[in-house]
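A quick write-up on the structure given underneath.
These values consider heavy atoms only, across backbone and side chains, with no hydrogens, waters or symmetry-generated copies.
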Amino acid sequence: MQTAKSLQTERVTFLTSRDHKKALDAYASKSGQSVGNVVREATVRYLAQPPSDEEEALALLAEELNEAAPRIQASLDRASSKLQILHEEMDKFLREKGIRK
């Protein structure tokens, strides 16, 4: 038996198109349910589904990118430092040759 505390509810509001709302109303009426119950049941079923292969692939890709990000950043930092050194050497060379003041 459910206690009074377990029967407490929360309100969820979402916006949809007029056509979608009409379709929800028609479906609910045809199945003898409220729109709220139709939406509740649909979300329960949706949340119970295992992630699709595409979602799993995206999750794995995101994990790999998160792991690679520090290495990529370190590599970019090294390249930036080398370019700065090269810039300074070229500037010195051009000044010595009188090409740049």
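- Membership of the apolar cluster around Met90 extends to Leu86, as traced through chained side-chain contacts below 4.5 Å between ILVMFWY residues.
- Side-chain N or O atoms of Ser81 include one that pairs as donor or acceptor with a backbone N or O of Asp77 at under 3.5 Å.
- Judged purely by atom type and a 3.5 angstrom limit, Asp91 has no side-chain atom pairing as donor or acceptor with the backbone of His87.
- Residues meeting the salt bridge (Lys or Arg N to Asp or Glu O under 4.0 Å) test with Lys21, sequence neighbours left out: Asp25.
- Note that CZ of Arg78 is 10.5 Å distant from CD of Gln73, once rounded to the nearest 0.5 Å.
- The side chain to side chain contact (heavy atoms under 4.5 Å, CB included) search around Lys82 returns none, not counting sequence neighbours.
- Applying the 4.5 Å side-chain rule to ILVMFWY residues, one finds Phe14, Leu24, Tyr27, Val35, Val38 in the same cluster as Val39.
- Annotation for Glu54: atom CD does not count as buried by contact number, only 12 or fewer foreign heavy atoms lying within 6.0 Å.
- In the hydrophobic clustering, Leu76 connects to Ile72, either directly or through intervening members, whenever side-chain heavy atoms lie under 4.5 Å apart.
- Residues in residues 32-46 take part in these side chain to side chain donor-acceptor pair (under 3.5 Å) pairs, two or more places apart or across chains: Ser31-Gln33, Gln33-Asn37.
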